[in-house]
Amino acid sequence: MSNAEASRRPAREWVPILKEYREPSLTRSIWELATTFVPYVLLWVIAWRSLSAEMYWVTVPSVILIGMLMMRMFAIQHDTGHGAIFKSWSANRWLGRCLGVICIAPAAVWAKKHDVHHATHGNLDRREMGDLLTLTVAEYNAKGPFAKALYRLYRNPYFLLAFGPVYSFFLEYRLPVRLMDKREYWVSAMGTNLSIAIVLSIIYYFGGWGPILFIFVPSTLIGAFCGVWVFYIQHQFEGVEWDHQGNWSVHDSALYGSSYYVLPGWLNWFSCNVGIHHVHHLYSKIAFYRLPEVLRDHPELAGTSRVTFRDSLKCLKLKLWDEDSRRMVDFKAADDIAAQQTLAPAQ
């Protein structure tokens, strides 16, 4: 154990402190929703009209902004799953369902997978749904050439960031994958699918395929891409931690296994402060608009698991967890370890 590890504050001690921030403000929540939904509707009107008038120089930036607002709405939907936007659990559920139609992510299915992610992240013995698969160096080196090639493809950033959003939002969320035995998740998925179909049918009736192909599809992909990128950095950074069940702690994994992704103010707004992920993981019932308060009042947390944008670009090369050095490494490091182990018996 390093001196930094020995001297750091146990994550559990932060829980009663963070509890003071758990109460949402009804006025603030409504304001955040209004300043998200009203621009979203206005931009749809602008994009649709400019598309019809062939003013594509207006359509393109409008679609990009719609996509960014979809990322924001998905982040708000994420908070409803934690019961963080309203005090009423029922109000959170219904808001989540409505936002799920816009973000094409069924609320109950998403919330269940995300709850599993919160409960198991960083646990090498419980790598379940809702997480990006991360192998250890030993597991990777034990696989055959074909399995290694598949994992390399899966962890390729171009493949992950290009195909990941399409798969997650356009395919995976259409069926309650891995939750097929629960009626609640079937109702959530099918109800969301039906609602999306109705909305798209209305758009088609009034505008044909144009608004669907050139506004709905690209804006959804933009929002999904941004969401996948941020999610990737939240748990695939230099200082992330993994442990087996015996040494794993849900609190330590939350605080020290999740990043504080330092983003400019405008991106914090569009992403609902999701970069302050270490605090969110440790106390998920804090509404997104109160997370900056936590960092302001407790500067120590602003220096914990900190990742800048430049750091995040370097994170793309990290693919495997090395249990010996307790750090994320790239494939070259894994190949070097395998070569050393092969030479060791001969020596």
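- By the 30° and 60° cut-offs, the orientation of the rings of H280 relative to H277 is tilted.
- The cationic atom of R72 (NZ for Lys, CZ for Arg) lies less than 6.0 Å from the six-membered ring centre of W269 and within 45° of the ring axis.
- Follow the hydrophobic side-chain contacts under 4.5 Å out from V41 and you reach L95 in the same cluster.
- A donor-acceptor contact under 3.5 angstrom links the side chains of H117 and H281, judged on distance only.
- At least one side-chain heavy atom of T134 sits less than 4.5 Å from a side-chain heavy atom of Q236.
- Contact of the P24 side chain with the I85 side chain is not registered, since no non-hydrogen atoms from C-beta on lie closer than 4.5 Å.
- F206 is listed as a side-chain neighbour of I202, based on a closest heavy-atom distance under 4.5 Å.
- A salt bridge does not link E23 with K285: every distance from a Lys NZ or Arg NE/NH1/NH2 to an Asp or Glu carboxylate oxygen is 4.0 Å or more.
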Next on the checklist: D322 vs S325, test: side-chain hydrogen bond (donor to acceptor under 3.5 Å, both in side chains). Steps then yes/no.
Outcome noted: CA-CA 6 Å; D322 182 15; S325 63; 2.7 Å; yes

Next on the checklist: Between L221 and F169, is the side chain to side chain contact (heavy atoms under 4.5 Å, CB included) condition met? List the steps.
Outcome noted: CA-CA 8 Å; L221 286 174; F169 286 86; over 6 Å; no

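- E184 has no carboxylate O lying under 4.0 Å from a charged side-chain N of K112, or vice versa, which leaves the two without a salt bridge.
- Here the OH-CG distance, from Y260 to L301, works out to 10.5 Å after rounding to the nearest 0.5 Å.
- Taking OH of Y151 as the reference point, atom CG of N156 lies at 12.5 Å (rounded to 0.5 Å).
- Side-chain contact between C226 and M68 is present, with heavy atoms from C-beta onward closer than 4.5 Å.
- The ring of H278 has its center no closer than 6.0 angstrom to the ring center of H235.
- Closest approach of T304 to L255, counting heavy atoms only: CG2-O, 4.2 Å.
- In this structure, W110 has its ring center under 6.0 Å from that of F74.
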Item to check | CA sep, side-chain torsions, deciding dist, call: E241, R327, side chain to side chain contact (heavy atoms under 4.5 Å, CB included) | outcome: CA-CA 7 Å; E241 296 186 0; R327 63 189 180 92; over 6 Å; no

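- Residue E238 qualifies as open at atom CD: its count of foreign heavy atoms under 6.0 Å is 12 or below.
- The two residues P211 and L51 come nearest to each other via the heavy atoms N-CD2, 3.8 Å.
- In plain terms, the two heavy atoms of P176 and V109 that are nearest each other are CB-CG2, 4.1 Å.
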Checklist entry - How far apart are the C-alpha atoms of W186 and L175, what are their side-chain angles, what is the distance that settles it, and do they pass the side chain to side chain contact (heavy atoms under 4.5 Å, CB included) test? => result CA-CA 7 Å; W186 271 103; L175 284 174; 3.9 Å; yes

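- Between R127 and L135, the shortest heavy-atom contact is NH1-CA, 3.9 Å.
- Nearest heavy atoms, Q234 versus F237: O-CE2, 3.5 Å.
- Atom OH of Y154 has more than 12 neighbouring heavy atoms from other residues, nucleotides or ligands inside a 6.0 Å radius.
- Checked against the 6.0 Å centroid threshold, W14 and H298 count as a close aromatic pair.
- The pair R12-D252 does not meet the salt-bridge criterion, since no charged nitrogen lies less than 4.0 angstrom from a carboxylate oxygen.
- Side chains of E323 and H244: a donor on one and an acceptor on the other come within 3.5 Å.
- Under the side-chain contact (heavy atoms from CB on, under 4.5 Å) criterion, S62 pairs with L43, I46, A47, V58, sequence neighbours left out.
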Checklist entry - Hey, mind stepping through Y140 and F331 against ring pair (Phe, Tyr, Trp, His ring centres under 6.0 Å) and telling me if it holds? => result CA-CA 9 Å; Y140 173 76; F331 289 123; 5.2 Å; yes

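- Atom CG of D79 sits about 11.0 Å away from atom CZ of F86, to the nearest 0.5 Å.
- A donor atom on one side chain and an acceptor atom on the other are not found under 3.5 Å apart for Y289 and S25.
- Residues H121 and W248 keep their aromatic ring centres 6.0 Å or farther apart.
- When side chains are defined from C-beta on, T220 counts as touching M70, because their heavy atoms get closer than 4.5 Å.
- From Y256, atom OH reaches atom OG of S249 across 10.0 Å, with rounding to the nearest 0.5 Å.
- The backbone N or O of V116 sits nowhere less than 3.5 Å from a side-chain atom of R126 that would complete a donor-acceptor pair.
- Using a 4.5 Å heavy-atom cutoff, the side chains of Y261 and T308 are not in contact.
- Residue pairs meeting the side chain to side chain donor-acceptor pair (under 3.5 Å) criterion with at least one member in residues 48-59, sequence neighbours excluded, are S50-T59.
- A pairwise comparison of heavy atoms in A224 and P165 identifies CB-CB, 3.6 Å as the closest pair.
- The residues R28 and E32 are annotated as salt-bridged, a charged nitrogen and a carboxylate oxygen being separated by less than 4.0 angstrom.
- One finds a salt bridge joining E172 and K113 here, because a Lys/Arg side-chain nitrogen approaches an Asp/Glu carboxylate oxygen to under 4.0 Å.
- Here the side chains of L160 and L132 are in contact, with some heavy-atom distance below 4.5 Å.
- Atom CH2 of W89 has more than 12 neighbouring heavy atoms from other residues, nucleotides or ligands inside a 6.0 Å radius.
- Within the 4.5 Å cutoff, no side-chain heavy atoms of S253 are placed close to those of N123.
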Checklist entry - Should V329 and L318 be marked as a side chain to side chain contact (heavy atoms under 4.5 Å, CB included) after you check the CA-CA gap, both sets of side-chain angles, and the distance that decides it? => result CA-CA 5 Å; V329 299; L318 304 176; 5.8 Å; no

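- With rounding to the nearest 0.5 angstrom, the CD atom of E13 is 11.5 Å from the NE2 atom of H251.
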